[in-house]
Enquirer: 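First the structure, then my questions, so here it is.
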Amino acid sequence: EPTELLEPLIKKILAQAASVIGTAANRSIDLSVNKISQADISDLSAFQAGDYLCLASAFEAGLAGKLDFVISKKVTATLADLMMMGDGSAEYEDDHKDALTELGNQVLGGISTALGSEFQLTVTAGQAATTEFDGSSINMELTDSIIVDIDVNMDGQNISKMALLLEETLVKTLLKHTDTSVLNRPKEQLSDENDEYGEKENSDFDPGLLGAPTEHSRSRLSTNVSNEKIQMLLDIPLTVTIELGRTQMSIRKILELGPGSIIELDRLAGEPVDLMVNNKVVAKGEVVVIDEYFGIRILSLVSPEERLKQIR
C-alpha cells in the first residue's frame with residue numbers, strides 16, 4: 001500500500017517541518033501522525049471553512065507534484081506572534097497570512113533539503129501561497145492523493161489539528177524514489193556499494209540504481225561528488241560580527257578622542273542591530289544579556305539563498 005510505503009518518509013517530512021517551525025517560534029514543536037489514508041473530500045470535513053488556511057506549494061526540480069498544508073488560523077496567529085517575539089496570545093489577523101507564507105517557504109526549503117539528501121537529488125520547491133481554506137481551495141485532484149491527519153503539539157501540549165495533502169503525482173514520484181532510497185538499503189549493502197563505487201568511479205556503475213547504466217546514472221555520480229564537497233565546506237569557520245552602528249569621523253576628531261568621549265552612531269536606540277558574516281549582513285536582532293555576556297536574539301533573517309551569495 002502507498003500509505004504504508006510512504007509512512008517513514010512522511011514522518012521524516014513532518015519532523016523536518018516541526019524543526020523549522022520550532023526554530024522560528026523558539027518553541028518545542030511536534031507534528032505527530034494520527035492517520036495516513038487515501039484522500040477523500042470527507043476527510044477534510046473536520047477542517048471547517050473560515051477557521052483554516054491552505055498553504056500550497058509544488059516541487060519545481062528533482063521531484064514533481066503538489067503538497068498542501070491545511071493549518072488553523074489560531075495556530076497561524078500563535079506562530080506569527082511568537083516569530084515577532086510576542087507571547088503567542090495574538091488574535092488572528094489577515095496580515096498573519098504573510099507570516100505563514102514566509103514560514104511555509106522556510107519549511108519547504110527544509111523539506112527539499114531533507115528529501116534531496118535522502119534521494120541524492122537536488123530538490124527545489126516553488127514559492128508557497130496562502131489562501132482561505134474552504135475545500136475548493138485545494139488545487140489538486142484528490143483521486144489517488146494521500147491525506148495525513150496530524151496533531152500539532154507545542155511544548156508538549158496539543159494545540160490543534162493539521163492536514164498534509166500529497167498530490168497523486170507527488171505520491172508516485174516519492175514511491176519511485178523510495179524504491180532506491182539510501183535509507184531503505186541495509187548498511188552492509190551500502191558498504192559494498194561504496195567499495196565498488198570507489199573502484200569504478202570512472203565507469204558507468206551507479207550504486208543507487210538497478211539495471212543498465214544511463215545518463216541519469218552519470219548525473220547521479222556527479223551529484224554525489226558535489227554533495228560531498230558541499231559537506232566539507234560546512235565545517236569551515238567564519239567570523240561573525242554584531243554591528244551596533246557606524247559613523248564617519250575625520251582624522252582630527254579621532255586623534256582628539258579620549259576617556260569619556262562620546263561617539264554618536266547612525267542607529268536609533270532600540271533599533272535592531274546587524275549580524276554580519278565576513279562583513280555581510282545575514283540577520284537582524286536585538287541585544288540581550290545572557291548571564292554576564294552580551295548576545296543577540298534573531299528577529300529576522302536574510303533568505304538562505306541571499307546569505308549563501310553574501311558569504312561566498
Enquirer: Can you establish whether the number of heavy atoms outside N26 located under 6.0 Å from its atom CG is more than 12?
Expert: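 Atom CG in N26 is not crowded, with 12 or fewer foreign heavy atoms closer than 6.0 Å.
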
Enquirer: Evaluate whether atom NZ of K161 has more than 12 neighbouring non-hydrogen atoms of other residues, nucleotides or ligands under 6.0 angstrom away.
Expert: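 Yes.
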
Enquirer: Quick check: closest heavy atoms across Q127 and S57, and the distance to 0.1 Å?
Expert: O-OG, 4.1 Å

Enquirer: Got a list of side-chain donor-acceptor pairs under 3.5 Å for residues 245-252, not counting sequence neighbours?
Expert:
from, atom 1, to, atom 2, distance (Å)
R246, NE, E243, OE1, 2.7
R246, NE, E243, OE2, 2.9
R246, NH2, E243, OE1, 3.0
T247, OG1, E264, O, 3.4
S250, OG, K253, N, 3.2

Enquirer: So which atom in A64 and which in F59 form the shortest heavy-atom distance, rounded to 0.1 Å?
Expert: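 So the two residues come closest at N-CB, 4.3 Å.
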
Enquirer: Considering all heavy atoms of both residues, which atom of P272 and which atom of R267 are nearest to each other, and what is their separation?
Expert: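 The answer is O-NH1, 2.9 Å.
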
Enquirer: In the structure I gave you, are the side-chain heavy atoms of L31 and D151 within less than 4.5 Å of one another anywhere?
Expert: no

Enquirer: Less than 4.0 angstrom from a charged side-chain N to a carboxylate O is my criterion; do E271 and K284 meet it?
Expert: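 Judged by the 4.0 Å cut-off on N to carboxylate O distance, E271 and K284 do not form a salt bridge.
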
Enquirer: Do you know which of E93, H96, E132, E91 makes side chain to side chain donor-acceptor pair (under 3.5 Å) with K73?
Expert: E132

Enquirer: Between I146 and Q38, does the side chain to side chain contact (heavy atoms under 4.5 Å, CB included) criterion hold? Intermediate values first, please.
Expert: CA-CA 5 Å; I146 284 180; Q38 295 293 120; 4.1 Å; yes

Enquirer: Using every non-hydrogen atom in the two residues, find where C54 and F133 come nearest and quote the distance to one decimal.
Expert: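 Looking at all heavy atoms of both residues, the shortest contact is N-CB, 4.0 Å.
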
Enquirer: If every non-hydrogen atom of S89 is compared with every non-hydrogen atom of D81, which pair is closest and at what distance?
Expert: N-OD2, 3.1 Å

Enquirer: Tabulate below the donor-acceptor pairs under 3.5 Å that side-chain atoms of residues 106-115 make, not counting sequence neighbours, or state none.
Expert:
from, atom 1, to, atom 2, distance (Å)
Q106, NE2, E102, OE2, 3.4
S112, OG, L108, O, 2.8
T113, OG1, G109, O, 3.0

Enquirer: In this structure, are over 12 heavy atoms from other groups packed under 6.0 Å from M85 atom CE?
Expert: yes

Enquirer: Taking CD in Q157 as the centre, count heavy atoms belonging to other residues, nucleotides or ligands within less than 6.0 Å. Is the count above 12?
Expert: no

